[in-house]
Amino acid sequence: GSEAGNISVNGQGVTTADGWGAFIAGSWSTVDGDINIRGAGTSSPTRGGEGVRLRDIDLFASSGDGPDAGNISITGSAENRLAVLLENSTGVLSTVDGDITLSDSDDSGILVDGFGGLASTGTGEHAGKITIAEKSVSIQNLGTGISSVDGDIFIASQADEVSGTGLALINFGFIQSTGTGPDAATITLIGTASDGASFRHGLSISGSTSENAVIRSVDGDISLTGTGGDRTDPTNRFSENRGASIANVSIESTGTTADAALITITGTGGESGRNGYGVYLVDSELDSVAGDVFLAGNASAGQGVYLLRTNTELSGTGPLAPDLAVTGSSIQVIGNVSTIDGNFSAISSGSNFSGAFQSTGVGTFTVEATGVGGQANVSGTIESTTADITVRGPLVSVAGVHSIGTGPDAAGIFAEGHRVFVTSGEITTVDGPITLVSQEDVGESTSAGVFVRNAIRSTGTGADAQAISISSFGSTNSVGIRLQV
């Protein structure tokens, strides 16, 4: 109850030894009393100590439930080392309804490396939250991972001038929310980089090439936000400063109801010489059953959103099927997208899709470019059974697009713009319509028209087979239709 005793440790390092403020090992537990660990590390000319160091932990737990449950708070400071270090332990920092908080009081940083993990098992309004929000947070090589049922997981970090990266998560196993319904734990990861020479990524998340790390939720929303730092030398053309950089990670929404977790990834690339992507996903996976997926990125050097060898699966059906919406300053998708009834859209001033897309239900495919000179380029293998495939913008290029459905509901293929090209791959259909339209825009500097440089085929033979239509409208700077197959 509310009268339960607290456990408090307040340590001060000395300059004649390693200088740890508080060195914690073994087993620690509470029911309703708080556990407060505070330490101030000091430095000698040859040695330095962390503010609080947890090592060889077997048990560190709060088992109380309800509003009086014991909180776990670990706070440190250090002159030349880390404020808080959790390392080399099989034990897990765990709670039911008490909050877990890691913090520093002097911006000297937090490192969780080789530790068992962090877990909250509480349900309902009092469920324990997991919060790490400080300067220079890095979490890596966890034995299990970070999990919660209903207590929110919030990890945020702003880089110091030395570390560069805002929030680093490396080989962390999993970060997951297992709760269901409106109380389910949300997962929020935020990183803000500092300015410097290069690789000033706001959010850097990675697994290994042999096994993806996993960020997963049932119903609690997943939100990842990264802001890259700016290069300090404007002549450094090799500087790469990304907003959110994600490699070898699976991000999953597994909920099946209207409460299913939304996945939102937002990134702003820092001023860079090259490849300063807003959102960068490589060798990763995006999977959802019912929660929509949103990717939004902006960059001054490189794509706003860049997906490379990343597979997306939208497996839901019916009215709750999830959509994948990509927006930003520019977009490049090189990977696979499969859907049943969820829609895919990529909309920006420069939208590029060069991979594999398959829709087996009513999930549509839309790639659109906006603004004067905007380019919408689609190539690879894009297939749909009944849902329309649409590519539109001022300057449009399409290749390898196929409507494979039969009957009156077969997918239509539509390419619309000031200037429309059919380039390196065929456009084919069985029964669905193919419509290519050029509508001259006097604000564009290039000539308008439809330029066909590859085959357009319809193999339908019955009454359901629809027409191939190619048209061009304009009078000022239009070349009409050119067939160059």
Side-chain angles (χ1 to χ4, degrees), residues 92-95 99-102 110 112 115 117-125 127-134 137-140 142 144-158 166-192 202-207 212-227 243-267 279 281 284-296 312 322 324:
V92 174
L93 276 182
S94 65
T95 186
D99 294 338
I100 296 174
T101 305
L102 306 183
I110 295 173
V112 182
F115 199 78
L118 295 88
S120 170
T121 59
T123 59
E125 61 177 325
K129 300 178 177 63
I130 297 173
T131 302
I132 307 172
E134 292 296 346
V137 176
S138 180
I139 299 173
Q140 57 195 37
L142 297 184
T144 54
I146 300 172
S147 67
S148 182
V149 181
D150 284 348
D152 293 343
I153 298 171
F154 183 86
I155 305 174
S157 176
Q158 182 174 351
L167 174 61
L169 304 171
I170 305 167
N171 294 332
F172 51 87
F174 60 77
I175 299 175
Q176 66 177 0
S177 165
T178 60
T180 59
D183 292 327
T186 59
I187 298 172
T188 303
L189 308 176
I190 302 173
T192 303
L203 191 61
S204 181
I205 307 177
S206 62
N212 278 7
V214 178
I215 300 173
R216 176 192 299 124
S217 181
V218 181
D219 286 345
D221 291 345
I222 298 172
S223 176
L224 313 181
T225 304
T227 303
S245 182
I246 301 169
N248 302 111
V249 178
S250 297
I251 304 173
E252 306 169 359
S253 170
T254 62
T256 59
T257 70
D259 292 322
L262 304 178
I263 298 173
T264 302
I265 305 176
T266 305
V279 173
L281 278 83
S284 295
E285 296 179 354
L286 296 170
D287 299 312
S288 183
V289 180
D292 291 338
V293 181
F294 302 96
L295 308 179
T312 300
L324 169 60

Spacing of [atom1] belonging to [X] relative to [atom2] belonging to [Y], to within rounding of 0.5 Å:
X	Y	atom1	atom2	answer
Leu118	Ile146	CG	CD1	5.5 Å
Leu169	Ser138	CG	OG	7.5 Å
Thr312	Asp287	OG1	CG	7.5 Å
Ser157	Leu203	OG	CG	9.5 Å
Ile170	Asn248	CD1	CG	12.0 Å

Close side-chain approach of [X] and [Y], heavy atoms under 4.5 Å:
X	Y	value
Ser177	Thr186	no
Leu102	Val137	no
Ile155	Leu167	yes
Ile215	Val249	yes
Thr257	Asp219	yes
Phe115	Leu93	yes
Leu224	Ile246	yes
Ile190	Phe154	yes

Under the 3.5 angstrom rule, does the side chain of [X] hit a backbone N or O of [Y] as a donor-acceptor pair?
X	Y	value
Asp221	Leu262	yes
Thr192	Gly166	no
Ser245	Ser204	no

Looking at Ile139, Thr225, Ile265, Ile205, which hits side chain to side chain contact (heavy atoms under 4.5 Å, CB included) with Leu189? Ile205

Nearest heavy atoms of [X] and [Y], plus distance in Å:
X	Y	value
Ser206	Ala213	O-CB, 4.3 Å
Gly128	Ser148	O-OG, 4.2 Å
Thr266	Val279	C-CG2, 3.9 Å
Ser120	Ala127	OG-C, 4.5 Å
Asp259	Pro182	OD2-CD, 4.2 Å
Ala185	Ser217	O-OG, 4.2 Å

Contacts of type salt bridge (charged side-chain N to carboxylate O under 4.0 Å, His left out), residue Glu252, not counting sequence neighbours: Arg216

Check: Asp150/Thr123 side-chain N/O donor and acceptor closer than 3.5 Å: no

Applying side chain to side chain contact (heavy atoms under 4.5 Å, CB included) to Val112 and Leu142, what does each step give before you reach the verdict? CA-CA 8 Å; Val112 182; Leu142 297 184; 3.6 Å; yes

